[in-house]
Amino acid sequence: MTNTTAFTNEGTYEQGGHGATAQPVQKSDRIKTIDMIRGLALLGILLMNIPYFSGDGIVMYDIMNGKHNTWDYRTLAVVNSFFDSTMRGLFSMLFGAGMLLFLMNKKETEDGPSVAELYYRRLLWLVFFGVINAYVLLWPGDILYTYGLLGMLLYPFRNSSPRLLVIMALAFSLFYFGKGYYNYSDFRGKRVEYVSAVNAEKAGQKLTPAQTAAKEEWLEIEKRQKPDREEIKENIAEMKGDYPGIFAWLMPFNSRSEAWWLHQW
């Protein structure tokens, strides 16, 4: 850092006689370690996404439930064990680090945009690129939209103490784990009721209305969990069509993944 310029990986801040302007950081002044880690995370995320670029989710289902001595299975096992979630977590940490680097060397000026305005402009561009990813490039796995919206919630906590941030992180984690455990318990309870109904049926007992309903509900769950081959064929046929057709086909899924997934998880 010099007297006139503060360097970060997220842009430089030039102090002049008429206020300050944000400029791209010079290549020689970038923090190379962060660039290397970000590159590693991006390549890891690419490995996670490649199976979904051209194939339906049925591809992964068939690999995991097929023979385990194939290269497909071994490759998927390596990706799931060492890259899936690990690289996403690393990239999320870098997102937070990038926010701090961006804000550390920005200063308020009388005749320029405020630091908050620069920060939120940056995130609005991220949201915009996320929308482009989903609705123009037709990538259902876009995450930039989510990063952009959630990044807006981080700004008020930029000066919070580490202790407060750790407490908040633990609280949110407990909430997330609690929600997952609740869903698991509900799912397991339905399975137990189904098994009880099946055992009663095998023993020659007449099922109660509740047992009949439990059995039908679980069979419906199993049906939804297992891939529908006809639906897969339809999906493949649609994805081999022209751009307008693919756009219309993916529109409901993209909207659901961008909005519902963000709200639920």
Side-chain angles (χ1 to χ4, degrees), residues 1-15 19-26 29-42 44-45 48 84-131 133 142-183 257-265:
M1 182 182 298
T2 68
N3 292 331
T4 58
T5 306
F7 302 109
T8 75
N9 267 24
E10 310 302 327
T12 63
Y13 175 89
E14 296 289 350
Q15 184 69 47
T21 57
Q23 300 180 2
V25 67
Q26 297 298 316
D29 296 314
R30 295 188 66 86
I31 303 175
K32 294 181 176 59
T33 303
I34 291 182
D35 283 339
M36 291 171 61
I37 297 174
R38 183 183 284 122
L40 175 66
L42 283 173
I45 291 175
M48 293 162 47
D84 197 352
S85 295
T86 304
M87 294 296 109
R88 189 185 298 112
L90 181 60
F91 197 71
S92 296
M93 293 173 66
L94 288 168
F95 181 80
M99 167 197 156
L100 293 177
L101 288 171
F102 183 83
L103 296 173
M104 277 173 56
N105 296 303
K106 298 291 186 294
K107 298 179 182 179
E108 300 289 350
T109 60
E110 294 182 0
D111 55 350
S114 66
V115 173
E117 184 178 350
L118 289 173
Y119 176 78
Y120 281 100
R121 278 185 191 176
R122 187 170 183 251
L123 291 179
L124 285 172
W125 275 109
L126 199 61
V127 170
F128 173 74
F129 285 128
V131 172
N133 273 349
D142 167 72
I143 196 67
L144 299 183
Y145 177 83
T146 300
Y147 272 120
L149 291 182
L150 296 183
M152 296 180 187
L153 301 178
L154 293 179
Y155 186 78
F157 302 97
R158 65 195 181 283
N159 296 320
S160 299
S161 67
R163 183 173 182 271
L164 175 61
L165 294 177
V166 169
I167 292 174
M168 291 179 62
L170 291 174
F172 281 121
S173 295
L174 288 174
F175 176 79
Y176 182 81
F177 295 148
K179 184 177 180 180
Y181 182 76
Y182 172 81
N183 290 335
S257 62
E258 292 291 303
W260 180 87
W261 184 87
L262 174 63
H263 175 264
Q264 287 294 314
W265 297 108

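In what follows, residues are counted from 1 in the order of the sequence shown. What you are looking at is a predicted structure, and each value in this text was computed from that prediction instead of being measured. Computed from heavy atoms alone, side chains included, the values below leave out hydrogens, waters and symmetry copies.
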For a quick test of reading the model, state the closest non-hydrogen atom pair linking [X] to [Y] and the distance between them.
X: Asp84; Y: Met48; result: OD1-CE, 3.4 Å
X: Arg158; Y: Leu100; result: O-CD2, 4.3 Å
X: Gly130; Y: Leu144; result: CA-CB, 3.9 Å
X: Leu165; Y: Ser160; result: CD2-CB, 3.9 Å
X: Gly44; Y: Met87; result: CA-CG, 3.4 Å
X: Ala41; Y: Leu94; result: CB-CD1, 4.3 Å

Calculate, to the nearest 0.5 Å, the distance between atoms [atom1] and [atom2] belonging to [X] and [Y] respectively.
X: Phe172; Y: Tyr176; atom1: CZ; atom2: OH; answer: 14.0 Å
X: Tyr145; Y: Asn133; atom1: OH; atom2: CG; answer: 13.0 Å
X: Phe95; Y: Met99; atom1: CZ; atom2: CE; answer: 8.5 Å
X: Ile31; Y: Met36; atom1: CD1; atom2: CE; answer: 13.5 Å
X: Leu149; Y: Leu124; atom1: CG; atom2: CG; answer: 9.0 Å
X: Leu170; Y: Phe177; atom1: CG; atom2: CZ; answer: 9.5 Å

Can Ile37 and Met93 be said to form a side-chain contact (heavy atoms from CB on, under 4.5 Å), step by step?
CA-CA 10 Å; Ile37 297 174; Met93 293 173 66; over 6 Å; no

Apply side chain to side chain contact (heavy atoms under 4.5 Å, CB included) to Ser114 and list each qualifying residue two or more places apart in sequence or on a separate chain.
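Glu108, Ala116, Glu117.
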
Close side-chain approach of Arg88 to Ile143, heavy-atom, < 4.5 Å
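The answer is no, as the side chains (C-beta and beyond) never meet within the 4.5 Å cut-off.
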
Side-chain contact, heavy-atom cut-off 4.5 Å: Leu118 with Phe102?
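Side-chain contact under 4.5 Å: yes.
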
Parallel under 30°, tilted from 30 to 60°, perpendicular over 60°: which one fits the rings of Tyr147 and Phe91?
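Ring orientation of Tyr147 relative to Phe91: perpendicular.
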
Under 3.5 Å, is there a donor-acceptor pair between the side chain of Tyr119 and the main chain of Gly151?
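Checking the backbone N and O of Gly151 against the side chain of Tyr119, a donor-acceptor pair under 3.5 Å is found.
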
Salt-bridge present (Lys32, Asp35; N to O < 4.0 Å):
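Not counted as a salt bridge, because no side-chain N and carboxylate O are separated by less than 4.0 Å.
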
